[in-house]
Amino acid sequence: MTYDPIDSTTYCFGGADHEKVLSDLWRLDASEWVKVDTDKEPPARTFGSVAYQKNEKRIVLFGGSKVLFGEELTIDNLLNDTWQFKNGQWEKIDCSNSPSPRAEAAMVYDEVNNEIVLFGGYTIENGNIVKLGDTWIFKENNWELLPVDGPTQRHGVSLTFDNNNRQVVLF
């Protein structure tokens, strides 16, 4: 889920119901959820990461899992694709560099640097969940690994951007 401050609109993509993994986009209008119809959409996924990039007026989507809870844990079920939703349509962005396949990564828009920050998540190795602790930035339609020491490895966390202190905050 992400928020578009220009249109004061909340968007939600993907996830799962009790039967299958979903690939639909929904918009919250006042107090009602409305499905957004598009010509094409990203593959269905759970635990993808999304952020609204204000200066580019787009939603950026990265990674996630192709399966429901309890499904076989293999690296083949994780994604590392990047998509944008702009001008009412989804478009896949082909990046020359990209984070490894993962789910439950935290992602936020850094308004000061006009870039998206992605942290952590999990991958699968030998049927086991492995927490990640790397930090990536997305700008000019490409991913770059930041060579910094950051927090310990983790997934399912929250990131936000603190405008007053001009910094990304992880919880």
Side-chain angles (χ1 to χ4, degrees), residues 1-6 10-16 21-23 25 41-67 73-86 89-126 128-171:
M1 190 177 305
T2 191
Y3 181 72
D4 171 354
I6 296 168
T10 299
Y11 289 92
C12 182
F13 175 80
V21 179
L22 305 169
S23 62
L25 180 66
E41 56 195 26
R45 67 194 69 207
T46 58
F47 306 114
S49 303
V50 294
Y52 187 84
Q53 191 173 19
K54 186 176 169 184
N55 286 5
E56 306 296 329
K57 298 179 182 166
R58 67 180 176 179
I59 296 170
V60 175
L61 165 69
F62 176 80
S65 174
K66 296 187 270 185
V67 298
L73 293 176
T74 70
I75 190 68
D76 296 333
N77 288 332
L78 297 181
L79 299 160
N80 73 329
D81 53 348
T82 303
W83 291 76
Q84 72 174 1
F85 179 76
K86 187 173 183 173
Q89 294 299 322
W90 282 108
E91 177 185 2
K92 188 172 191 284
I93 300 173
D94 293 319
C95 302
S96 60
N97 195 29
S98 188
S100 61
R102 66 188 65 206
E104 289 191 21
M107 199 159 84
V108 70
Y109 174 58
D110 174 342
E111 292 187 38
V112 172
N113 296 304
N114 189 33
E115 61 194 22
I116 291 175
V117 178
L118 180 135
F119 174 79
Y122 72 81
T123 192
I124 305 295
E125 291 179 7
N126 302 318
N128 296 308
I129 292 176
V130 176
K131 297 175 186 177
L132 301 168
D134 48 353
T135 302
W136 293 78
I137 58 168
F138 182 76
K139 65 180 183 181
E140 298 176 6
N141 287 346
N142 206 20
W143 289 100
E144 177 185 341
L145 177 63
L146 292 182
V148 297
D149 289 331
T152 58
Q153 300 88 348
R154 57 190 84 188
H155 61 92
V157 298
S158 297
L159 280 181
T160 193
F161 187 77
D162 178 346
N163 278 316
N164 291 336
N165 293 307
R166 304 169 63 93
Q167 65 186 5
V168 173
V169 178
L170 168 77
F171 179 79

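Quick caveat, the model's predicted, so the values are computed rather than measured. What's counted below: heavy atoms across the whole structure, side chains too, no hydrogens, waters or symmetry copies.
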Is there side-chain contact between [X] and [Y], with heavy atoms separated by less than 4.5 Å?
X: Ile129; Y: Ile124; value: yes
X: Leu78; Y: Ser65; value: yes
X: Val112; Y: Gln167; value: no
X: Trp83; Y: Pro43; value: yes
X: Leu61; Y: Phe85; value: no
X: Trp90; Y: Leu25; value: yes
X: Arg102; Y: Asp134; value: yes
X: Arg58; Y: Ile93; value: yes

Closest heavy-atom contact between [X] and [Y]?
X: Phe119; Y: Arg154; answer: CE2-CG, 3.6 Å
X: Met107; Y: Leu118; answer: SD-CD1, 3.7 Å
X: Val21; Y: Val67; answer: CG2-C, 3.6 Å
X: Ala44; Y: Leu79; answer: O-CD1, 4.3 Å

Ignoring hydrogens and angles, tell me if any N or O in the side chain of [X] forms a donor-acceptor pair with the backbone of [Y] under 3.5 Å.
X: Lys139; Y: Glu144; result: no
X: Ser49; Y: Ala105; result: yes
X: Ser100; Y: Asn80; result: no
X: Asp110; Y: Val117; result: no

Between Trp143 and Ser96, does the side-chain contact (heavy atoms from CB on, under 4.5 Å) criterion hold? Intermediate values first, please.
CA-CA 8 Å; Trp143 289 100; Ser96 60; over 6 Å; no
What distance separates [X] [atom1] from [Y] [atom2], expressed to the nearest 0.5 Å?
X: Gln84; Y: Gln89; atom1: CD; atom2: CD; value: 11.0 Å
X: Thr82; Y: Asn141; atom1: OG1; atom2: CG; value: 9.0 Å
X: Thr46; Y: Glu104; atom1: OG1; atom2: CD; value: 8.0 Å
X: Thr123; Y: Asn128; atom1: OG1; atom2: CG; value: 11.5 Å
X: Glu41; Y: Leu22; atom1: CD; atom2: CG; value: 9.5 Å

Quick check on [X]: does its [atom1] atom have over 12 non-hydrogen neighbours (other residues, nucleotides or ligands) under 6.0 Å away?
X: Asn55; atom1: CG; value: yes
X: Lys57; atom1: NZ; value: no
X: Asn126; atom1: CG; value: no
X: Lys54; atom1: NZ; value: no

For the residue pair Tyr122 and His155, does the interplanar ring angle fall in the parallel (under 30°), tilted (30 to 60°) or perpendicular (over 60°) class?
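Judged by the thresholds at 30° and 60°, the geometry between Tyr122 and His155 is perpendicular.
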Applying salt bridge (charged side-chain N to carboxylate O under 4.0 Å, His left out) between Asp81 and each of Lys92, Arg45, Lys66, report the one that passes.
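Single pass found, and it is Arg45.
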Quick one: are the ring centres of Trp136 and Phe62 less than 6.0 Å apart?
no
Identify the residue among Val168, Thr2, Val169 that makes a side-chain contact (heavy atoms from CB on, under 4.5 Å) with Val108.
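Considering Val168, Thr2, Val169, a side-chain contact (heavy atoms from CB on, under 4.5 Å) with Val108 is found only for Val168.
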